[in-house]
Amino acid sequence: MVEIELDGQKVEVLEGSTVMHAAEKAGTYIPHFCYHKKLSIAANCRMCLVDVEKAPKPMPACATPVTQGMVVHTKNDKAIRAQKGVMEFLLINHPLDCPICDQGGECQLQDLAVGYGAGESRYQEEKRVVFHKDVGPLISMQEMSRCIHCTRCVRFGQEVAGVMELGMSHRGEHAEIETFVGMSVDSELSGNMIDLCPVGALTSKPFRYSARPWELSRRKSVSPHDSTGTNLIVQVKHDKVMRVLPLENEAVNECWLADRDRFSYEALNTDDRLLSPMLKQGGEWKAVDWQTALEYVANGLKQIKSEYGADTIGTLASPHSTIEELHLAASLMRGLGSENIDYRLRHADFTPSSSIQWLGTSIASLSQLQRVLVVGSSLRKDHPLFALRIRQAVRNGCVLSTVNSTTELPFADAWAMPVTHSSLTSHESWAQALADVAVAIAAEKGVAAPASGQASDAAKAIAASLMSGERKAILLGNAAAHHVNASSLLAIANWIGEQCAASVGYLTEAANTVGAQFVGALPLSGGLNAGQMLDGRLKAVILLNNEPEFDSAAGVQANASLNSAQMVVTLSPFKANMGFSDVLLPIAPFTETPGTFINAEGRIQSFHAVVKPRGETRPAWKVLRVLANLLGLPGFNFESSNDVFKSIPNADAGHVSPDRLGNAIQREIEVAAVASPAPVVASIYQLDGLVRRATSLQLTADARKAVNFEGASA
């Protein structure tokens with residue numbers, strides 16, 4: 001530790017820290033623009049100049065390492081004069097258009113200019129003008145004349161997103177931040193550049209000129225998309241969601257947000273919202289009141305149960321639904337006498353597990369890994385924030401290995417990080433590729449391998465990597481989870497994990513994949529799984545917050561199967577499944593209902609509604625409760641979502657109990673390559689109904705070039 005004196009206060013910091021770090025520890029604010037705690041030090045704005053005793057001139061706090069006995073003044077005359085001088089230079093070319101700037105009210109330059117800027121400028125020369133640039137549907141670069149060249153956006157692309165999409169061209173007053181050769185900004189994390197920009201140079205194109213910061217209410221929430229459980233700040237005006245920003249949580253999403261989480265709110269205000277219950281009569285849809293719609297559903301379910309039995313009724317539930325909704329859906333089915341409920345819509349292997357399959361480690365620990373093997377995942381697109389953490393680990397020396405498809409996009413594009421070892425093969429041979437790694441490990445350790453195979457050079461390299469180092473993980477991606485041989489992939493991964501002292505886990509696809517298992521939204525003995533329910537066996541189907549054509553392994557074939565059912569009931573925030581449904585019940589999206597998600601690491605996170613439900617929309621938990629009451633089922637007398645939450649055993653623990661988490665599975669390992677369809681994996685902006693209807697996301701390069709896991713155009 002090194003002790004320094006900062007504004008008369010003794011501060012101890014680690015050796016190698018900077019004056020800025022010492023100031024942060026002491027709670028002293030030093031004005032700055034280019035410095036950011038998650039980015040490398042650039043020291044190019046010079047706003048953080050401070051007076052260091054015995055130094056001949058003011059020194060940048062962000063780039064000045066501490067030394068024993070150093071004496072620093074951040075607020076004496078010398079430091080203040082230096083900071084004011086820098087501010088004067090920053091404002092020479094700034095357009096000073098605060099009244100019309102979209103960043104007005106939350107601009108770091110505007111705030112600091114109040115304290116460090118002069119009342120008027122001494123410069124009368126013409127200000128420079130930088131022409132606007134079109135870099136895609138998400139980020140606006142219309143006012144690049146405001147740019148102060150802090151290079152936060154450039155460093156973010158290089159160091160965090162892994163893709164250098166912006167850079168600085170030219171020199172002096174001709175310097176500009178821009179893309180090159182007319183490229184657009186296409187990173188799945190690009191929206192973070194908007195947050196990082198300390199002026200109004202980079203702004204949100206969807207939000208642009210729609211509201212002022214002081215008009216917006218700030219409310220906390222949790223993302224309903226992938227399994228990170230990203231913490232959100234949802235900004236609201238007149239009961240309308242206007243913008244979504246990250247809520248800092250170091251253990252989950254740090255201070256970052258994937259574009260999918262940031263911009264999907266656009267879908268909430270589209271014309272595709274379902275705002276009242278609807279019945280199909282004579283082939284035409286007609287709006288009805290809730291009582292009529294729910295009585296129609298209850299009577300239909302009673303009749304079908306009486307004629308065909310309860311086992312002809314089933315529910316397909318989305319893993320993007322809250323645990324309250326999933327718990328009630330499962331309870332409703334079992335109250336009717338049916339075990340036909342499943343959330344595993346995109347799965348092909350339904351081998352039961354005795355425990356809840358999860359990440360196998362904490363999210364925060366991904367940044368500290370020394371060795372990692374990823375199987376069957378387009379990591380960067382499936383889980384942008386997990387990829388971000390693994391990218392941090394790789395930058396610090398972690399060795400990344402992968403078993404993936406031969407036709408996957410080039411690694412430079414697909415991973416945005418160095419992949420040291422890779423076994424590339426068709427999806428049918430992934431189990432064999434993992435078995436080959438196991439054979440190499442078995443030969444090295446002198447033990448029996450779990451399956452036959454041949455230790456290829458690639459397998460030996462992966463095995464050697466996993467047998468070295470300390471903090472290690474084997475991560476199975478969405479494509480591995482949806483694989484026809486998923487249980488064998490997991491079984492071999494578990495064997496490798498045991499031999500190499502590595503954690504084994506699923507990256508898990510959706511916001512509540514772990515939560516759905518936690519509340520038992522799975523068929524027990526005698527129940528039909530999702531694949532069986534979608535092959536035409538059911539007479540009555542309840543679809544909770546999903547569209548089988550897009551959200552299931554059956555794809556368009558699901559439409560024909562559901563058309564054969566006597567009654568299909570869709571609970572959705574949108575006008576979905578209209579071709580085969582008989583009833584549409586409008587349920588609230590995550591912004592209009594309280595609820596709880598359980599992320600990949602088992603973290604239980606509850607949230608409140610941030611706006612009132614639109615039209616006649618009702619929270620799904622309430623719809624399911626009333627439907628159960630009409631069916632005469634006991635145990636559904638809940639007055640609030642919190643009552644439902646409290647009825648779920650151990651849901652209030654904050655984290656799923658470790659004894660319930662596990663990735664063990666009992667099944668004979670099969671490695672023989674069998675011709676089978678490619679695993680069904682939703683592309684980044686097709687994951688759920690919200691992102692599918694977010695206009696700006698659908699205009700991105702990722703949406704336009706969507707591919708399936710084997711590389712064919714979707």
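In this chain, numbering begins with 1 at the start of the sequence shown.
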Does CG in Asn563 sit with more than 12 non-hydrogen atoms of other residues, nucleotides or ligands closer than 6.0 Å?
-> yes

Answer yes or no: is there a donor N or O on one side and an acceptor on the other, between the side chain of Lys305 and the main chain of Leu336, under 3.5 Å?
-> yes

Assess whether side chain to side chain donor-acceptor pair (under 3.5 Å) is satisfied between Gln532 and Asn340, documenting all intermediate values.
-> CA-CA 9 Å; Gln532 294 167 330; Asn340 303 334; over 6 Å; no

Say whether Glu428 and Ser676, considering side chains only, have a donor N or O and an acceptor N or O under 3.5 Å apart.
-> no

Could you check Thr508 against Thr513 for side chain to side chain donor-acceptor pair (under 3.5 Å), going step by step and ending with a plain yes or no?
-> CA-CA 6 Å; Thr508 69; Thr513 298; 5.0 Å; no

Looking only at heavy atoms, which two atoms of Ser696 and Pro137 are closest? And how far apart?
-> O-CG, 3.6 Å

Less than 4.5 Å apart, any side-chain heavy atom of Arg262 and any of Leu245?
-> yes

Note: Gly229 and Val252 closest approach over all heavy atoms is O-CG1, 3.5 Å

For Asn546 and Asp551, run side chain to side chain donor-acceptor pair (under 3.5 Å): C-alpha distance rounded to whole Å, both residues' side-chain angles, the deciding distance at 0.1 Å, then the answer.
-> CA-CA 6 Å; Asn546 66 84; Asp551 295 327; over 6 Å; no

In Å, rounded to the nearest 0.5 Å, how long is the span from CG of Asp652 to OG of Ser606?
-> 9.5 Å

Using modelled atom types only, decide if a donor and an acceptor are shared between the side chain of Arg273 and the backbone of Leu268 within a distance under 3.5 Å.
-> yes

Decide if atom CG of Asp271 counts as having more than 12 heavy atoms of other residues, nucleotides or ligands within a radius under 6.0 Å.
-> no

Is the backbone N or O of Lys220 less than 3.5 Å from a side-chain atom of His608, with the two atoms forming a donor-acceptor pair by type?
-> no

Give a yes or no on this: more than 12 heavy atoms of other residues, nucleotides or ligands lie within 6.0 Å of atom CD of Glu284.
-> no

Quick check: does any side chain N or O of Glu339 sit under 3.5 Å from a backbone N or O of Met333, one acting as donor and the other as acceptor?
-> no

Taking the side chain as every heavy atom from C-beta outward, state whether Val623 and Trp290 have any atom pair closer than 4.5 Å.
-> yes

Check: Thr700 and Ile684 side chains under 4.5 Å, non-hydrogen atoms | no

Pick from Leu627, Thr315, Leu624: which one makes a side-chain contact (heavy atoms from CB on, under 4.5 Å) with Leu571?
-> Leu624

Gln357 (side chain) donor-acceptor with Tyr506 (main chain) under 3.5 angstrom | no

Stepwise, does the side chain to side chain donor-acceptor pair (under 3.5 Å) test hold for Asn642 with Ser640?
-> CA-CA 5 Å; Asn642 192 47; Ser640 67; 5.2 Å; no

Below 4.0 angstrom, N of the basic side chain to O of the carboxylate: do Glu592 and Lys612 qualify?
-> no

Assign the ring pair Phe590 / Phe607 to parallel, tilted or perpendicular, where the plane angle (0 to 90°) is split at 30° and 60°.
-> perpendicular

For His225, does its backbone N or O pair with a side-chain atom of His320 as donor and acceptor, under 3.5 Å?
-> yes

Under-4.0 Å salt bridge between Arg693 and Glu547 | yes

Check: Ser318 main-chain N/O paired with Asn545 side-chain donor or acceptor under 3.5 Å | no

Report the C-alpha distance between Asp688 and Arg260 in whole Å, list the side-chain angles of each, state the deciding distance to 0.1 Å, and finish with yes or no for salt bridge (Lys or Arg N to Asp or Glu O under 4.0 Å).
-> CA-CA 10 Å; Asp688 56 67; Arg260 182 164 55 194; over 6 Å; no

What is the distance from atom CG of Asp226 to atom CG of Leu385, rounded to the nearest 0.5 Å?
-> 6.5 Å

Carefully, step by step, assess Glu325 and Thr593 under the rule side-chain contact (heavy atoms from CB on, under 4.5 Å).
-> CA-CA 11 Å; Glu325 295 163 358; Thr593 180; 4.2 Å; yes

Could you go step by step and tell me if Phe386 and Ser227 meet the side-chain contact (heavy atoms from CB on, under 4.5 Å) rule?
-> CA-CA 9 Å; Phe386 290 170; Ser227 58; 3.6 Å; yes

Would you say Lys646 has more than 12 foreign heavy atoms packed within less than 6.0 Å of its NZ?
-> no

At their closest point, which heavy atom of Phe518 faces which heavy atom of Asn650, and how far apart are they?
-> CZ-O, 3.8 Å

Distance, nearest 0.5 Å, that separates OG of Ser405 from CH2 of Trp430 | 6.5 Å

Keeping the roles fixed (side chain from Glu188, backbone from Ala258), state whether a donor-acceptor pair exists under 3.5 Å.
-> no

Non-hydrogen side-chain atoms of Phe263 and Val244 separated by less than 4.5 Å | no

Supply the atom-to-atom distance Lys280 NZ to Trp285 CH2, rounded to the nearest 0.5 angstrom.
-> 5.0 Å

So, do Thr322 and Thr596 sit near enough that their side-chain heavy atoms are less than 4.5 Å apart?
-> no

Hey, what do you get for CG (Leu490) to CG (Asp349), rounding to the nearest 0.5 Å?
-> 9.5 Å

Min side-chain heavy-atom separation Thr292-Lys286 under 4.5 Å = no

Tell me whether the guanidinium CZ or amine NZ of Arg243 lies under 6.0 angstrom from the six-membered ring centre of Phe207 and within 45° of its axis.
-> yes

Do the rings of His427 and His483 sit parallel, tilted or perpendicular, given the 30° and 60° boundaries?
-> perpendicular

Give the C-alpha distance, both sets of side-chain angles, the deciding distance and a yes or no for side-chain contact (heavy atoms from CB on, under 4.5 Å) between Ile341 and Leu522.
-> CA-CA 5 Å; Ile341 179 163; Leu522 293 158; over 6 Å; no

Closest contact, heavy atoms only, Ala480 versus Ala486 | O-CB, 3.2 Å

How far apart are the C-alpha atoms of Glu324 and Phe645, what are their side-chain angles, what is the distance that settles it, and do they pass the side-chain contact (heavy atoms from CB on, under 4.5 Å) test?
-> CA-CA 6 Å; Glu324 291 84 356; Phe645 178 77; 3.5 Å; yes

For Gln557, does the CD atom have more than 12 heavy-atom neighbours from other residues, nucleotides or ligands under 6.0 Å away?
-> no

Short question: side chain of Asp643, backbone of Phe638 - any donor-acceptor pair under 3.5 Å?
-> no

What is the distance from atom CG of Asn577 to atom CZ of Phe550, rounded to the nearest 0.5 Å?
-> 9.0 Å

Can you see which heavy atom on Ala558 is nearest to which on Leu534, and at what distance?
-> CB-CD2, 3.9 Å

Min side-chain heavy-atom separation Ser378-Val681 under 4.5 Å | no

Check whether any side-chain heavy atom of Val222 lies under 4.5 Å from a side-chain heavy atom of Asn599, and answer yes or no.
-> no

Would you call Arg380 and Asp702 a salt bridge, using N to O less than 4.0 angstrom?
-> no

Indicate yes or no for a side-chain donor-acceptor contact from Ser581 to the backbone of Met578 under 3.5 Å, with no hydrogens or angles considered.
-> no

Of His383, Arg346, His347, the one forming a side chain to side chain donor-acceptor pair (under 3.5 Å) with Glu509 is Arg346

Nearest atoms (heavy-atom pairs only) where Asn485 meets Ala431 | ND2-CB, 3.8 Å

